[in-house]
Amino acid sequence: MLSQESLAKIDRELTKYPADHRQAAVMSALRIAQDEKGWLSKDTVAFVAEYLGIPPIAALEVASFYNMYELEPVGQYKITVCTNISCMLRDSDVIVDHLQERLGIGFNETTPDGKFTLKEGECMGCCGGAPLFHINNKRMCEFLTKEKVDAILEELK
Amino acid sequence: MAAFDTPVQHRSDKEALVCLRTLGQPDPASLQAYLNVGGYKQLQRLVQDKVKATDVITQVKLSGLRGRGGAGFPTGLKWSFMPRYYDGTKYLVCNTDEGEPGTFKDRDIIRYNPHQLIEGMAIAAYTLGARVGYNYIHGEIWQDYEIFERALDEARAAGFIGENLFNTTFSFDLYAVHGYGAYICGEETALIESIEGKKGQPRFKPPFPASYGVFGKPTNVNNTESYTSIPWILEHGGDAFQALGVPNSGGTKLFSVSGHVERPGNYEVRMGMPFTELLDIAGGVWKGRQLKAVIPGGPSTAVMPAAAIMGATMDYDGLSKAGSSLGAGSMIVMDETTCMVKTLKRLSYFFYEESCGQCTPCREGTGWLYRVVKRIVEGEGRMGDLDLLTDVSSNISGRTICALGDAAATPVLSFIKHFRPEFEYYIQHGKSMVTGKAE
């Protein structure tokens with residue numbers, strides 16, 4: 001259900017916790033599973049739970065509580081734009097409008113070719129670089145202008 | 001990595017670097033950079049000379065260091081709450097879970113000077129008898145989390161964390177834990193739940209983490225900046241750290257400056273710096289505009305009109321005398337073009353979205369606050385709405401397990417208190433007094 005590479009990563013996370021607290025690794029295990037699959041289906045969540053030896057509901061509770069897990073399919077590139085106050089004051093509205101126009105989609109939508117999904121995020125704790133977004137929960141892009149957004153979209157094409 | 005990902009760093013000679021003291025070196029996050037400024041020498045001295053825990057705590061108390069995560073609780077006093085004798089594993093936790101809008105200082109510590117945090121935690125572990133530590137880093141900063149993981153590998157290989165350090169019986173294992181998007185996990189007991197692999201819902205206190213923390217064991221939780229100050233304090237003495245600041249606010253403080261300034265970023269300065277000087281370091285209000293308002297410590301601290309903050313100093317007492325508080329030092333600057341009604345709407349949405357849903361007054365109340373501010377912004381406001389907002393806020397405050405409820409009420413109460421005419425205008429005219437437009 002998950003690749004050997006992903007399982008090895010989960011095993012490394014398990015070494016951080018006492019042997020009788022395997023549930024502690026569920027946050028990172030779900031993150032690793034999502035990195036491989038793109039999103040977390042019910043089956044993937046259940047597999048992670050079984051691997052850790054915890055009830056499926058315990059893993060689903062975590063997957064549905066934290067914002068960065070995706071319980072529905074998303075595009076190849078998920079762009080999450082912060083619109084909170086520090087970004088708003090530095091015109092995140094302009095970045096959002098530009099992205100929506102360029103991609104032809106609104107928040108929580110995916111382009112027909114399955115390439116891009118757009119999400120609105122809450123504060124990412126990087127407000128000095130506002131306005132900003134991150135891609136696939138991994139890569140932070142800061143000090144955005146329309147031109148930088150165009151360059152990033154071009155690179156991901 | 002492409003150029004647009006590269007952070008821009010602005011520095012000023014008015015800064016006093018304690019937590020960011022490796023800045024200026026070619027690779028400030030490396031072990032070598034930290035060794036170049038005398039890194040890990042304090043840990044080695046304490047462990048090899050078997051310095052007594054009480055002596056370490058005395059220095060931390062003398063330093064005047066107060067919790068840098070926002071609560072401002074004296075760190076030395078907190079350390080003295082940990083049980084000295086305990087038959088089992090004690091834990092140490094670092095809170096690098098920034099997510100309150102405007103707060104981004106701890107990110108710069110882990111990406112520019114992670115080893116000083118590691119040494120600070122190892123010193124705390126030695127002092128408190130903790131065997132295992134976790135640094136909980138919020139989910140959105142993956143690249144910085146990886147920098148910290150690399151620093152841990154370096155520290156392990158060099159023998160600064162792990163088994164039998166410096167050939168003594170002292171052992172300390174330290175791990176990085178990655179959050180995945182929940183502001184509430186900045187609350188220390190929610191963070192502990194999250195480390196255990198659960199939803200981040202705060203625990204009822206007491207018992208406090210010092211007696212019942214991670215996996216039910218005694219646990220000391222401090223903020224990143226607090227731990228990172230420790231090696232400097234032990235090198236120079238608690239008195240020297242206190243002397244960097246002002247009475248009741250010892251040391252330096254990292255201020256995260258965002259919003260309408262020319263040079264947003266983190267600036268580490270002495271406590272007690274006049275607000276105007278800090279604003280100047282950040283380049284002043286952008287585009288030559290006038291200052292309208294400042295949130296000095298993150299949205300859970302009261303907004304201050306320009307007139308109230310211009311004469312204030314940036315320390316615990318200075319900001320509290322001026323009508324707000326220092327919080328985490330997250331200074332959000334707003335210029336004259338800012339519509340306070342629209343700004344409050346965004347903040348209210350944040351607290352509504354981030355309420356963990358455990359306590360009814362917060363879960364339901366934050367929804368009410370957001371919906372009422374939203375209808376004002378959409379031109380559907382009623383004259384009774386301002387009283388309604390005040391009433392709902394007052395009924396959330398003090399009626400929840402954790403402080404998120406109070407944090408949600410603070411912006412509502414302070415925005416209406418200081419900018420009431422703007423809210424009344426919006427309700428009467430269905431559009432913003434500042435921009436002349438409706439949403």
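Quick note on labels: first sequence line is chain A, next is B, and so on, each numbered from 1. Please read these numbers as outputs of a predicted model, since none were measured by experiment. FYI, side chains are in, hydrogens and waters are out, and symmetry mates aren't considered; it's all heavy atoms of this structure.
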Chain A contact via B:I295 - side chain, backbone, both or neither, heavy atoms under 4.5 Å
side chain

At a 4.5 Å cut-off on heavy atoms, which part of A:Q34 comes close to chain B: side chain, backbone, both, or neither?
side chain

Could you tell me the separation between the OG atom of A:S64 and the NZ atom of B:K199, rounded to the nearest 0.5 Å?
7.5 Å

Test your reading of the model: is there a side-chain donor-acceptor pair from B:Y134 to the backbone of A:K16, 3.5 Å cut-off?
yes

Hey, what do you get for SG (B:C185) to CZ (A:F65), rounding to the nearest 0.5 Å?
6.0 Å

Counting heavy-atom pairs closer than 4.5 Å to chain A, which one of B:E98, B:H260, B:H178, B:E353 comes out on top?
B:H260

What pair of heavy atoms forms the shortest contact from A:Y66 to B:A182, and how long is it?
CD2-CB, 3.6 Å

Between the main-chain N or O of A:M140 and the side-chain N or O of B:Q143, is there a donor-acceptor pair closer than 3.5 Å?
yes

Work out which heavy atom in B:K198 is nearest to a heavy atom in A:Q23; give both atom names and the distance.
CG-NE2, 3.7 Å

For A:M88, is it the side chain, the backbone, both, or neither that has a heavy atom closer than 4.5 Å to a heavy atom of chain B?
side chain

Approximate separation, where rounding is to 0.5 Å, of A:H21 NE2 and B:E196 CD:
7.0 Å

At what distance, to the nearest 0.5 angstrom, does OG1 of B:T343 lie from CG of A:L89?
6.0 Å

Between A:V62 and B:G197 the two heavy atoms that sit nearest each other are CG2-O, 3.4 Å

Between A:E142 and B:R107, does any NZ, NE, NH1 or NH2 come within less than 4.0 Å of an OD or OE carboxylate oxygen?
yes

Can you tell whether the side chains of A:K138 and B:E146 come within less than 4.0 Å, N to carboxylate O?
no

Which atoms of B:V333 are under 4.5 Å from chain A, going by heavy atoms: the side chain, the backbone, both sets, or neither?
backbone

With a 4.5 angstrom heavy-atom cut-off, is it the side chain or the backbone of A:N136 that approaches chain B, or both, or neither?
neither

Between A:T15 and chain B, which part of the residue has a heavy atom less than 4.5 Å away: side chain, backbone, both or neither?
backbone

So, the part of B:S194 with a heavy atom under 4.5 Å from chain A: the answer is both

Using non-hydrogen atoms only, which part of B:I195 is less than 4.5 Å away from chain A: side chain, backbone, both, or neither?
both

Is the shortest side-chain heavy-atom distance between A:M27 and B:V177 below 4.5 Å?
no

Nearest heavy-atom approach of A:P18 to B:Y91 is CG-OH, 3.5 Å

Rounded to the nearest 0.5 angstrom, the CE-NE2 distance for A:M124 and B:H138 is 10.5 Å

Can B:R346 and A:E122 be said to form a salt bridge (charged side-chain N to carboxylate O under 4.0 Å, His left out), step by step?
CA-CA 10 Å; B:R346 186 62 187 85; A:E122 281 305 332; 3.3 Å; yes

Please report the closest heavy-atom contact between B:W142 and A:N137, naming both atoms and the distance.
CB-O, 3.7 Å

If you compare all heavy atoms of B:G102 against all heavy atoms of A:C127, which two are closest, and at what distance to 0.1 Å?
N-SG, 3.1 Å

Bottom line for B:K342: the part with an atom under 4.5 Å from chain A's heavy atoms is both

Parallel, tilted or perpendicular: which describes the rings of A:Y17 and B:F215, with under 30° parallel and over 60° perpendicular?
perpendicular

Rounded to the nearest 0.5 Å, what separation is found between the OG1 atom of A:T83 and the CZ atom of B:F350?
11.0 Å

Between A:A59, A:A130, A:C123, A:A25, which shows the greatest number of heavy-atom pairs under 4.5 Å with chain B?
A:C123

